[in-house]
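The structure appears right after this line, and notes come after that.
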Amino acid sequence: MNDSLSIDEQVARLRRGTQAIVPQDGLRAKLEKSAKTGKPLKIKLGLDPTAPDIHLGFAVVLRKLRQFQDMGHEVIIIIGDYTALIGDPSGRSATRPMLSKDEIARNGRTYVEQLARILDREKTIVRFNSEWLGALDFAQVVGLAAHMTVAQVLQREDFANRYTQRQPISLHELLYPLAQAYDSVAIHADIEMGGQDQTFNILAGRDLQEKMGQEPQVALFMPLLVGLDGEKKMSKSLGNYIGISESPLTMYSKVMSLGDAQMGVYFLLATDVPEPEFEALLAEAASGKTNPMTVKHRLAHAITALYHGDTEATAVQEEWKRVHSERQLPTDIPEIAIPPDALADGKIWIVRLITLANFAKTNGEARRLVEQGGVSLDDEKITDPQAQVAVTDGAVLKVGKKNFGKLALTTRP
RNA sequence: GGGCAGGUGUCCGAGUGGUUAAAGGAGACGGACUGUAAAUCCGUUGGCAACGCCUACACAGGUUCGAAUCCUGUCCUGCCCA
């Protein structure tokens, strides 16, 4: 399909960062077949429309899909609206709550919007699996289920764990891998992408395709990107993620908050920086020749630039340095509107001010912040939770290290 | 259907009638430190204009001066038997 790259070059590029390809030489075989027949490959990615916020961990897979598209192949995104009725048990130690139809539809739309930030819209086909799964009658479901044994399904690590730990597993959850496998059959997938947590489901697709007389898909697994905590996988529910639609500064700051040890994987999986280049940087950092922070800045810049452009990335880099390295006030401080009726004699109770600014949810929390010395107004530390502070327009309230707010008196309610 | 074991704060997990807003841990947050972090140390971690009051241990009742702890019923989960 692609004239500019040889098969070898294509394979090399596609292999970057992959964790496993099953079977090992399958990718090359599929690429060769496509080159010979002139037919683009169908690359499948199944999505569970539960978390509409795409984060960097998920982007690892999407960026790989983009590479396929750039080589002329066709990406088929399957929104698992039907399988979402089950809730993917992957990596779960508990049954997932079922989603309503409305939620699924809404999440599905958000997904498509966000996917466009990474994928080539022209070469992306989006389908909902209710299309074929919803058309099956019970006898057909039973027929499909006959292709898989309980023992096979229970091999799955998460099921096995739950089973041995006497956690509940609902019967319908066992059908999830089967449903996902059938998706591959329905669209005649050549390659299915997924994270490591999808191993079982994707391999089940190979088996089922073969049993139903199709050429089995090649499974291409990307590693799960570790989250900001440096331990668990990046996920929305754990709150350790960087969303691809987050503001440039947030994105940049989050990357900077990574542990040094994580820089390597992030370079590999979340950027296009060539491997020899970032490896050299990391080696310099490790030897003490370069400050690791400098390398991290490079990383943060590369990631931010990917989603917000080069100029924007450079701008937030400078902003970040000003605030964190030089401890200066940020240039853009959100305003805190102070309604006139909150004031008495031009003063306001400090605790009220903090909750008004939304820096604390409850008075108790705000009190604590004050008592612990985390609060200052115009550089003057406030430690008395009873304090009534004078409000001047434009004064800067600082709570903790990260929260800044500029007071703004509102004249009209 | 029967028997047994359970359901505690954001999470894990002690507590089986009386200083129990509930040990301990994790997480989170604040401070110190620093290269932004991490690690470490110190502190905080239900609500309330707050040395007091209110609300909390699946849910609903009950016993008691007093219950997360005892009783009854309901819901939920696991294991075993059928």
Side-chain angles (χ1 to χ4, degrees), chain A residues 92-97 159-171 173 226-232 235-242 249-266 281-282 284-301 303-304 316-328 330 341-344 347-376 381-389 397-404:
Chain A
R92 284 281 160 156
S93 54
T95 306
R96 280 197 179 178
F159 282 141
N161 287 344
R162 278 162 64 183
Y163 193 68
T164 51
Q165 285 168 18
R166 303 182 169 178
Q167 296 286 316
I169 301 173
S170 295
L171 189 55
E173 292 183 85
V226 66
L228 296 173
D229 55 5
E231 274 176 37
K232 305 196 184 94
S235 86
K236 199 182 177 211
S237 49
L238 292 174
N240 60 355
Y241 70 100
I242 304 177
L249 187 61
T250 310
M251 196 177 252
Y252 198 95
S253 306
K254 283 189 176 181
V255 177
M256 288 307 287
S257 79
L258 277 172
D260 290 353
Q262 266 70 251
M263 291 197 285
V265 245
Y266 273 74
L281 286 169
L282 291 173
E284 281 178 25
S287 69
K289 197 174 154 198
T290 310
N291 186 332
M293 190 177 67
T294 313
V295 180
K296 207 174 287 175
H297 272 302
R298 174 85 170 77
L299 176 66
H301 189 277
I303 291 176
T304 310
V316 292
Q317 179 170 68
E318 271 153 31
E319 172 73 1
W320 191 93
K321 284 181 179 166
R322 178 167 51 246
V323 178
H324 296 276
S325 297
E326 295 161 33
R327 301 281 157 110
Q328 292 185 19
D341 57 335
L343 296 173
K347 291 187 168 186
I348 185 169
W349 181 33
I350 183 65
V351 168
R352 172 120 172 76
L353 181 61
I354 293 166
T355 50
L356 201 63
N358 243 323
F359 292 152
K361 286 188 195 72
T362 62
N363 285 359
E365 198 181 329
R367 256 190 146 80
R368 234 178 286 134
L369 288 165
V370 174
E371 280 165 4
Q372 295 183 148
V375 176
S376 67
K381 198 172 253 193
I382 296 164
T383 48
D384 176 15
Q386 306 296 339
Q388 301 287 332
V389 295
L397 175 72
K398 187 182 173 201
V399 177
K401 275 175 193 155
K402 295 166 205 149
N403 300 312
F404 296 90

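All values below were derived from every heavy atom in this structure, side-chain atoms included, with hydrogens, water molecules and symmetry-related copies excluded. Labels below follow one simple rule: chain letters A, B, ... track the order of the sequence lines, proteins then strands, and each chain is numbered from 1.
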Distance between C1' atoms of B:C76 and B:C59 (Å, rounded): 10 Å
Across all strands, who's sitting opposite B:U10 as a Watson-Crick or G-U wobble pair, both distances under 3.5 Å? B:A26
Over all atoms of both residues, closest heavy-atom pair of A:Val351 and A:Pro385: CG2-O, 3.6 Å
A:Ser257 or A:Ala387: which one's nearest nucleotide on RNA chain B is closer to the 5' end? A:Ser257
Under a 4.5 Å cut-off applied to non-hydrogen side-chain atoms, are A:Asp384 and A:Val370 in contact? no
Using Watson-Crick or G-U wobble geometry with both distances below 3.5 Å, tell me the partner of B:U20, or none. none
Under 4.0 Å, counting only non-hydrogen atoms across every strand here, what does A:Thr362 touch: a base, just sugar-phosphate, or nothing? sugar-phosphate
Can you check the distance between B:G15 and B:C70, where both ends of the measurement are the C1' atom (answer in whole Å)? 16 Å
When we call it a touch if two heavy atoms are under 4.0 Å apart, what does A:Gln262 touch: a base, just sugar-phosphate, or nothing? nothing
Inter-nucleotide C1' distance (B:C54, B:C71), Å rounded: 28 Å
Please report the distance separating the P of B:A5 from the corresponding atom of B:U10, rounded so that it comes out in whole Å. 29 Å
Give me the distance, rounded to whole Å, that separates B:G46 from B:U20 when you measure between the C1' atoms they each carry. 14 Å
Who does B:C41 pair with, Watson-Crick or G-U, both distances under 3.5 Å? B:G31
Is the closest side-chain heavy-atom distance between A:Leu282 and A:Met263 below 4.5 Å? yes
Is any side-chain heavy atom of A:Tyr266 less than 4.5 Å from a side-chain heavy atom of A:Val255? no
Determine, stepwise, if the pair A:Arg322 / A:Glu319 fulfils salt bridge (charged side-chain N to carboxylate O under 4.0 Å, His left out). CA-CA 5 Å; A:Arg322 178 167 51 246; A:Glu319 172 73 1; 2.3 Å; yes
As its Watson-Crick or G-U partner within any shown strand, both distances under 3.5 Å, B:A56 has none
Donor-acceptor under 3.5 Å (A:Ser170 side chain, A:Glu173 main chain): no
Parallel, tilted or perpendicular, judged at 30° and 60°: which one describes the rings of A:Tyr252 and A:Trp320? tilted
How far, in whole Å, is B:A58 from B:U69 if one measures between their P atoms? 8 Å
Find the distance A:Gln386:CD to B:C48:C1' and express it as a whole number of Å. 13 Å
Can you tell me how far C1' in B:U19 sits from the matching atom in B:G66, rounded to whole Å? 13 Å
Need the pair for B:C4. Rule: Watson-Crick or G-U wobble, both distances under 3.5 Å, any strand; none if unpaired. B:G78
Whole-angstrom distance between B:G24 and B:C42, as gauged at atom P: 14 Å
Pull out every residue in residues 350-358 of chain A that has a heavy atom closer than 4.0 Å to any atom of RNA chain B, ordered by number, or say none. none
Output for pair (A:Leu299 CG, A:Thr294 OG1), nearest 0.5 Å, gives 12.5 Å
Within a strict 4.5 Å, meaning less than it, do heavy atoms of the A:Phe359 and A:Leu397 side chains meet? yes
Given atom CG of A:Leu258 and atom P of B:A37, what is their separation to the nearest angstrom? 13 Å
Taking atom NE2 of A:His297 and atom CG of A:Asn291, what is their separation to the nearest 0.5 Å? 8.5 Å
Can you give me the N/O atom pairs linking the protein to nucleotides 76-82 of chain B at distances under 3.5 Å, or say none if there are none?
from: B:G78; atom 1: O4'; to: A:Arg166; atom 2: O; distance (Å): 3.4

Under a 4.5 Å cut-off applied to non-hydrogen side-chain atoms, are A:Lys321 and A:Gln328 in contact? no
For B:C70, what is the paired nucleotide under Watson-Crick or G-U wobble rules, both distances under 3.5 Å? B:G62
For the pair A:Lys254 (side chain) and A:Leu228 (backbone), establish whether a donor and an acceptor sit closer than 3.5 Å, ignoring hydrogens and angles. no
Report each atom pair, protein N/O against N/O of nucleotides 26-35 of chain B, whose distance is under 3.5 angstrom.
from: B:G30; atom 1: O2'; to: A:Gln372; atom 2: O; distance (Å): 3.1
from: B:C33; atom 1: N4; to: A:Lys401; atom 2: NZ; distance (Å): 3.4
from: B:U34; atom 1: O4; to: A:Arg327; atom 2: NH2; distance (Å): 3.1
from: B:G35; atom 1: N1; to: A:Asp260; atom 2: OD2; distance (Å): 2.9
from: B:G35; atom 1: N2; to: A:Asp260; atom 2: OD1; distance (Å): 2.7
from: B:G35; atom 1: N2; to: A:Asp260; atom 2: OD2; distance (Å): 3.0

Close side-chain approach of A:Val295 and A:Thr290, heavy atoms under 4.5 Å: yes
